[in-house]
Enquirer: 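What follows is a single structure, and I will ask about it in a moment.
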Amino acid sequence: MIDIKTKFPQIPDRIAGLGELAYNLWWSWHPDARMLFKMLNRSAWKVSIHNPVKMLHYIDREILDSASKDPKFLRHYDAVMARFTSDMKTGAGWFYENIADPGVLPIAYFSAEYGLHHSLPFYAGGLGFLAGDFLKESSDLGVPLIAVGFMYPEGYLRQRLAPDGWQGSESATLDRENSPIYRVLDDKGDRLTVKVPVIDPPIYVEVWKVRVGRVSLYLIDTNLEINDPWNRTISSHLYIGSIEQRLRQEIVLGIGGTEVLRALGIKHSVLHLNEGHPAFAILERVRERTEGGMSYKDAIEQVRETTIFTTHTPVPAGHDVFPFSLMEKYFSSYRAALGLDHDTFFNLGINPKDPDAGFNMTAFALKMSQYHNGVSKKHGEVARHMWQSLWPDTLEEQVPITHITNGVHVPTWLEPRAELLLTRYLGPGWLSEHDNPDIWKLVYDIPDEALWKAHYWLKMKLIMRIMERARQRWHEDKADTGIILASGVMLDPNVLTLGFARRFATYKRAALILYDVELLKKMLNDMWRPVQIIFAGKAHPDDDPGKHLLQQIFNTARDPSFGGRIAFVEDYDEQLAQYLVHGVDVWLNNPVPPLEACGTSGMKASLNGIPHLSILDGWWIEGFNGNNGWAFEGADDIKDSDSIYSILEKEVVPLYYKMDGDGFPRDWVKIMKEAIVSTAPSFSARKMVKEYAMKFYQAALKSEYDNNV
Ligand SMILES: *Cc1c(COP(=O)(O)O)cnc(C)c1O
């Protein structure tokens with residue numbers, strides 16, 4: 001438990017619930033709760049960068065005192081707290097009405113990254129946001145999830161470009177005292193310390209907790225004094241480059257994470273692995289059973305029947321393969337504890353396509369789980385093809401890897417003003433049924449002009465935000481003028497705006513639209529119908545080709561012949577993503593197919609009425625319906641860039657600038673509406689989590705139950 005009184009001694013009793021609320025990210029997806037903090041003090045809210053824990057630490061006592069006596073504030077406070085208390089009730093919700101009894105043991109969800117809020121920088125990209133959205137939606141649906149991950153004290157990376165556009169890597173140390181995260185203590189009130197079982201030399205971890213509505217997320221930290229210096233840095237940041245340190249990270253996450261749940265007295269029934277990084281958790285569940293006297297064969301069977309594995313990418317860098325020599329170094333005692341010889345143990349991780357490469361975490365997870373899936377229909381096919389050799393007697397179409405298409409957490413990614421507008425037309429209570437496509441048809445009743453005005457307002461908000469960031473960089477960091485010029489200070493709210501924001505992994509082809517620079521210049525600088533593009537995204541610190549792409553875009557952005565119509569905004573994070581997916585006009589996506597397993601930022605944009613212009617890959621193959629955005633088949637860089645230019649010139653630009661008598665593009669608004677109606681319910685985290693529950697959790701829980709009677 002967290003001692004709120006000690007954390008925030010200055011909060012008067014009448015509004016003491018603010019402290020509880022600040023330490024539960026539930027506030028972040030409930031606009032009324034956000035408004036409550038904002039009402040307390042607008043400027044403190046802004047200065048804290050929308051982080052209530054920080055705000056409550058710094059705010060003047062008088063402000064809190066007067067709020068505790070202000071009838072208007074108190075009415076709002078009481079309403080929010082009532083809703084919060086009712087939403088926190090455990091054993092209630094969709095899951096218990098449809099899937100399992102309230103007595104069921106929790107499902108353990110393991111992931112190397114979580115994207116929950118910008119104040120907790122424990123993510124690099126889509127995998128993390130998927131996990132974060134999964135937890136939030138599980139809370140909403142009452143899925144009894146317990147989540148495990150890493151607390152990365154140095155986060156991912158704070159992006160600052162050098163004057164020549166080269167990305168430097170600065171890590172921003174997490175300010176734990178001012179983040180919605182707290183240390184887990186043991187019975188005696190001391191820091192809970194857990195030893196990673198069996199692994200030599202020993203590694204110790206401490207545990208931190210984040211509350212995500214009804215879901216608890218436990219985060220492992222290795223930065224302890226009793227660990228030797230090399231061990232202390234295991235959890236320092238995401239996706240460490242050295243293969244050995246990466247292996248140690250994954251040992252700590254899977255094996256240490258399972259031990260952490262044990263130390264907390266949390267028994268779990270089912271294990272869900274989000275990507276292969278935490279897959280050693282499987283071994284630890286097997287070891288637990290063999291240690292209890294079960295045969296290895298039975299233990300494997302029980303664990304397999306209750307394990308779910310989601311693979312997230314066909315890109316090789318997403319699948320860790322550890323050399324056997326390294327595996328032997330760390331696992332010799334461990335495999336002995338399992339009673340396995342060297343070959344039997346290594347065999348668990350062999351990819352038959354490349355048996356000498358080492359221990360493949362994806363192959364291992366696939367062999368050791370009963371339920372496995374890709375993250376879109378297309379990715380399911382790709383994964384069946386990739387891993388067919390694990391089922392040599394099975395036809396590719398029948399390889400038992402299915403798919404569940406990703407979705408985004410609607411209350412998180414829908415802009416609050418857009419939410420208000422929808423509530424007006426969809427009716428109160430629509431949000432609780434937002435995976436029902438029929439409800440969304442009422443979007444057609446929203447007056448075109450009202451939707452356009454709301455969009456224009458959000459576009460202004462985005463541009464103002466970008467300018468304010470530039471001003472701060474100029475004033476506070478004395479940033480180089482080239483960086484300021486490239487960062488969007490010449491953006492114009494009346495110009496058609498494309499958004500391209502994602503990790504700068506090369507397969508995402510950030511610079512594809514620069515393929516024909518002369519043609520692009522003409523389009524951007526068109527006197528009557530200009531176009532502008534906003535780019536954002538980070539390259540992985542070890543990815544030099546990605547950094548080159550970024551530099552190319554930066555150089556284009558500050559080249560006067562592009563007329564200030566290209567912007568590169570530094571430090572893409574959750575907050576900037578929110579502004580972008582709410583405020584640009586078109587969301588651009590052009591990876592090399594079929595490498596984008598799903599993609600989720602386009603879903604966030606579409607949900608807010610921002611149509612997707614995308615190559616047919618990932619979710620867009622399922623999402624595109626001919627009227628809700630634009631699509632093209634992938635071929636090669638030349639043809640694909642041609643497709644984009646041609647769609648822009650023939651369709652997007654003319655439609656955007658075709659104003660009707662009332663001075664706004666009515667036909668464009670039709671596409672915006674179609675984007676919302678056709679994608680919001682089907683690509684929601686609600687639909688996704690329900691699908692996991694119905695396809696996997698229910699059956700796995702039944703196996704668990706059968707094993708125990
Ligand atoms: C949604 C999101 C992503 C994932 O986007 P993709 O389209 O899957 O590349 C990455 N980063 C941030 C900040 C996001 O919000």
Side-chain angles (χ1 to χ4, degrees), residues 28-29 111 113-134 136-137 155-159 238-239 274-275 310 312-315 317-318 374-376 378-379 405-410 412-415 462 465 498-510 512 534-540 546 549 569-584 586-608 610 612-615 617-623 629 679 683-685 688:
S28 71
W29 72 92
S111 176
E113 48 173 304
Y114 289 93
L116 288 158
H117 186 252
H118 57 267
S119 61
L120 297 173
F122 306 148
Y123 57 84
L127 180 70
F129 284 97
L130 193 274
D133 282 7
F134 203 100
K136 292 172 183 171
E137 190 58 54
Y156 181 49
L157 107 110
R158 196 174 127 108
Q159 184 187 48
L238 257 157
Y239 303 135
N274 190 46
E275 196 54 294
T310 303
H312 282 267
T313 181
V315 177
V375 290
S376 70
K378 176 74 185 174
H379 180 232
T405 303
N406 285 342
V408 295
H409 186 242
V410 169
T412 294
W413 294 103
L414 181 62
E415 204 281 332
L462 163 69
R465 178 71 208 144
L498 315 183
F500 184 101
R502 37 188 35 100
R503 287 183 304 115
F504 270 60
T506 44
Y507 79 86
K508 299 204 184 221
R509 293 194 292 186
L512 187 68
I534 304 176
F535 287 97
K538 298 173 183 173
H540 186 279
L549 280 181
V569 188
E570 285 172 314
D571 211 27
Y572 183 44
D573 70 352
E574 183 267 344
Q575 201 187 26
L576 180 57
Q578 293 277 7
Y579 283 102
L580 287 166
V581 300
H582 302 154
V584 299
V586 174
W587 198 254
L588 181 64
N589 179 48
N590 47 240
V592 178
L595 298 183
E596 192 67 272
C598 182
T600 51
S601 56
M603 299 173 181
K604 299 169 191 167
S606 280
L607 166 67
N608 287 285
I610 290 162
H612 201 209
L613 192 182
S614 169
I615 204 160
D617 194 18
W619 78 282
W620 197 228
I621 298 172
E622 293 157 70
T679 65
F683 301 98
S684 63
M688 166 184 71

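Start at 1 and go down the list; that is how both ligands and their atoms are numbered. Along the sequence shown, the residues carry numbers beginning at 1.
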Enquirer: Run the numbers for me: atoms of ligand 1, each under 4.0 Å from some heavy atom of D573, listed by number.
Expert: 13 (C)
Enquirer: I'd like to check S601 versus W587 (side-chain heavy atoms, cut-off strictly below 4.5 Å). Are they in contact?
Expert: yes
Enquirer: Can an N or O of R502 be found at a distance shorter than 3.5 Å from an N or O of ligand 1?
Expert: yes
Enquirer: From the options N608, D133, T600, select the one residue that forms a side chain to side chain donor-acceptor pair (under 3.5 Å) with W413.
Expert: D133
Enquirer: Considering the heavy atoms of G126, write down every atom of ligand 1 situated less than 4.0 Å from one of them.
Expert: 3 (C), 4 (C), 10 (C)
Enquirer: Is there a donor-acceptor pair under 3.5 Å between the side chain of E596 and the backbone N or O of D617?
Expert: no
Enquirer: Heavy atom of K508 under 4.0 Å from ligand 1?
Expert: yes
Enquirer: Quick test: of every protein heavy atom, which one is nearest to atom 13 (C) of ligand 1, and how far off is it to 0.1 Å?
Expert: F129 CE1, 3.4 Å
Enquirer: Please identify which atoms of ligand 1 are closer than 4.0 Å to at least one heavy atom of Y572.
Expert: 11 (N), 12 (C), 13 (C), 14 (C)
Enquirer: Is there a polar contact, in the sense of an N or O pair closer than 3.5 Å, between E596 and ligand 1?
Expert: no
Enquirer: Does G546 offer a backbone N or O that forms a donor-acceptor pair with the side chain of T506 under 3.5 Å?
Expert: no
Enquirer: Could you check whether any side-chain heavy atom of Q159 comes within less than 4.5 Å of a side-chain heavy atom of F504, counting everything from C-beta outward?
Expert: no
Enquirer: Show the atoms of ligand 1 that are less than 4.0 angstrom away from any heavy atom in S601.
Expert: 5 (O), 6 (P), 7 (O)
Enquirer: How long is the straight-line distance from CZ of F683 back to CG of L607, given to the nearest 0.5 Å?
Expert: 12.0 Å
Enquirer: Check whether any side-chain heavy atom of N274 lies under 4.5 Å from a side-chain heavy atom of H312, and answer yes or no.
Expert: yes
Enquirer: Does ligand 1 come near enough to K604 that some N or O of the ligand is less than 3.5 Å from an N or O of the residue?
Expert: yes
Enquirer: Is a side-chain donor or acceptor of N590 paired with a backbone partner of R509 at a separation under 3.5 angstrom?
Expert: yes
Enquirer: How does W413 reach ligand 1, if at all, at less than 4.0 Å between non-hydrogen atoms: by side chain, backbone, both, or neither?
Expert: side chain
Enquirer: Non-hydrogen atoms of W587 versus ligand 1: any pair closer than 4.0 Å?
Expert: no
Enquirer: If you measure every N/O of T600 against every N/O of ligand 1, is any gap under 3.5 Å?
Expert: yes
Enquirer: Does the pair E275 and T313 meet the rule for a side-chain contact (heavy atoms from CB on, under 4.5 Å), with working shown?
Expert: CA-CA 9 Å; E275 196 54 294; T313 181; 3.7 Å; yes
Enquirer: Considering the heavy atoms of G125, write down every atom of ligand 1 situated less than 4.0 Å from one of them.
Expert: 10 (C)
Enquirer: Distance under 4.0 Å to a non-hydrogen atom of A577: what atoms of ligand 1 satisfy this?
Expert: 13 (C), 15 (O)
